[in-house]
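This report concerns only the one structure given below.
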Amino acid sequence: MASGKPVVILGVFVADTAYRAQRQPRMGETILGNSFKLGPGGKGSNQAVAAGKLGADVAFLTRLGVDAFADMAKRTWKDAGVKSAAIDTPDSYTGAAYIFVEEGSGNNAIIVSPGAAMLITPEDIEANADLIRGAGVFVTQLEQPIDAALRALEIARGAGVTTILNPAPAAKLPDRIYALCDYLTPNETETEELTGLKVSSVEEARAAAGKLLEKGVGTVIVTLGEKGALLHTKDRSEHVSAISAGPVVETTGAGDAFNGGLAAALSRGVEPLEAVRFACAVAGISVTRPGTAPSMPTSQEVEALLA
Ligand code: ATP
């Protein structure tokens with residue numbers, strides 16, 4: 001796939017540290033775990049890796065500490081062809097997530113400490129305004145402070161850059177953010193949080209998406225897990241079925257694969273419905289593989305699935 005116009009993604013990297021054990025330790029207790037796995041995570045970073053592996057020209061804007069996890073972040077991005085626009089923050093630390101996985105049930109309990117990424121300010125965004133203005137597509141989420149996301153969306157919008165807000169994790173949004181979004185890409189839970197409407201079917205997603213359009217969004221894309229995605233604008237509403245690429249192994253990161261795929265396709269000028277289909281294929285492949293960032297496919301793999 002040709003690289004298209006630049007994609008700039010603002011967001012968070014965290015190192016996922018996953019421990020498997022029979023049970024959680026009680027307070028004051030130490031137990032032996034069964035296994036440990038370290039991997040790259042953070043929604044924004046995963047989305048950048050997805051778009052980068054698809055061949056898009058991607059830069060990732062964040063804050064990192066100056067430590068081993070920062071090195072891991074930069075290596076992850078380099079391997080995926082993502083340019084780092086990370087600001088070093090020596091007096092903080094690179095974000096990390098403690099993920100406890102219960103052996104047998106697979107249930108998990110997680111602590112996320114975002115570290116330096118929580119210190120991203122509107123001034124950081126101003127300092128990178130030219131990077132954002134030079135993009136064809138700008139993407140952000142809600143893991144870093146919202147005032148930084150807002151400022152970045154304003155700058156992007158002011159320069160005619162296509163904007164995508166993935167409103168994850170679920171949170172209430174300030175009213176003025178909606179009109180800055182060409183695309184809003186909530187999953188079912190996030191759509192419920194934003195609208196107060198229940199969303200468990202395509203029809204319910206359509207009703208809720210209508211409410212989000214009224215708030216000023218250009219195009220709402222509700223991701224519906226194994227039911228695919230709904231593209232909803234004032235002129236059309238199209239349900240795109242999920243695209244299966246084999247048995248499902250792990251759905252964590254499916255939303256990130258979808259958003260990275262959407263950004264990559266839009267940056268090449270692909271029309272929105274086709275871009276949603278492409279994004280479903282990217283996510284459809286990612287769920288057949290373990291891990292988040294490592295599960296992202298190449299454009300050749302996606303094109304082979306869609307052929
Ligand atoms: P996560 O939080 O697990 O990263 P999400 O809740 O943000 O995911 P979903 O709506 O669950 O996002 O999934 C995003 C996209 O991934 C869907 O629109 C769909 O295209 C694809 N997808 C998810 N689950 C499956 C599945 N079981 N089979 C095929 N595709 C899937």
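Keep in mind that this is a model prediction, so the values were computed, not measured. Atoms within each ligand, like the ligands themselves, are counted from 1 in listed order.
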Check: Any N or O on Thr251 sitting closer than 3.5 Å to an N or O of ligand 1?
Finding: yes

Notebook entry, point to check: Can Arg133 be said to sit on top of Phe138's aromatic six-ring, NZ or CZ under 6.0 Å from centre and within 45° of the ring axis?
Noted result: no

Item checked: ligand 1 atoms in contact with Gly228 (distance to a heavy atom under 4.0 Å) -> 17 (C), 18 (O)

Margin query: Show me which atoms of ligand 1 lie under 4.0 Å from any heavy atom of Thr223.
Written below: 9 (P), 10 (O), 12 (O), 14 (C), 18 (O)

Notebook entry, point to check: Just which atoms of ligand 1 are under 4.0 Å from any heavy atom in Ala283?
Noted result: 15 (C), 16 (O), 21 (C)

Checklist line | Leu224: numbered ligand 1 atoms lying under 4.0 Å from its heavy atoms | finding: 10 (O), 18 (O)

Notebook entry, point to check: Taking NZ, NE, NH1 and NH2 as the nitrogens, is one of them in Glu271 or Arg236 under 4.0 Å from a carboxylate oxygen of the other?
Noted result: yes

Check: How about atom 2 (O) of ligand 1: does it have a protein heavy atom within less than 4.0 Å?
Finding: no

Item checked: Selected option - heavy-atom contact closest to atom 14 (C) of ligand 1, from Gly246, Ala281, Ala254 -> Ala254

Checklist line | Atom indices of ligand 1 within 4.0 angstrom of Gly253 heavy atoms, with elements | finding: 1 (P), 3 (O), 4 (O)

Item checked: Whether Tyr19 and Tyr98 hold their rings parallel, tilted or perpendicular, with breakpoints at 30° and 60° -> tilted

Item checked: Glu274/Arg277 salt bridge by N-O under 4.0 Å criterion -> yes

Next item on the list: Run the salt-bridge test on Lys83 and Asp57 with the 4.0 Å N-O cut-off and return the result as yes or no.
Entry: yes

Check: Which atoms of ligand 1 have any heavy atom of Val248 under 4.0 Å away?
Finding: 27 (N)

Note to self: Looking at Glu29 and Arg23, is any side-chain nitrogen of the basic one under 4.0 Å from a carboxylate oxygen of the acidic one?
What the structure shows: yes

Note to self: Closer than 4.0 Å to some heavy atom of Cys280 - which atoms of ligand 1 meet that?
What the structure shows: 20 (O)

Check: Is it true that Lys74 and Asp88 have a side-chain N and a carboxylate O under 4.0 angstrom from each other?
Finding: yes

Check: If you measure from atom 19 (C) of ligand 1 to every heavy atom of Gly225, Ala229, Gly261, which option wins on shortest distance?
Finding: Gly225

Margin query: Quick test: of every protein heavy atom, which one is nearest to atom 7 (O) of ligand 1, and how far off is it to 0.1 Å?
Written below: Gly255 CA, 3.4 Å

Check: Hey, does Asp256 come in under 3.5 Å of ligand 1, counting only N/O atoms on both sides?
Finding: no

Check: Any ion pair linking Lys53 and Glu301 (charged N to carboxylate O, less than 4.0 Å)?
Finding: no

Checklist line | Shortest protein heavy-atom distance from atom 5 (P) of ligand 1, along with the residue and atom involved | finding: Asn187 ND2, 3.7 Å

Notebook entry, point to check: Any Lys/Arg nitrogen of Lys172 or Glu193 sitting under 4.0 Å from an Asp/Glu carboxylate oxygen of the other?
Noted result: yes

Next item on the list: Treat each ILVMFWY residue as a node, draw an edge where side-chain heavy atoms are under 4.5 Å apart, and state whether Ile155 and Val137 are in one component.
Entry: no

Checklist line | Atom indices of ligand 1, in the order listed, that fall short of 4.0 Å to a heavy atom of Thr252 | finding: 3 (O)

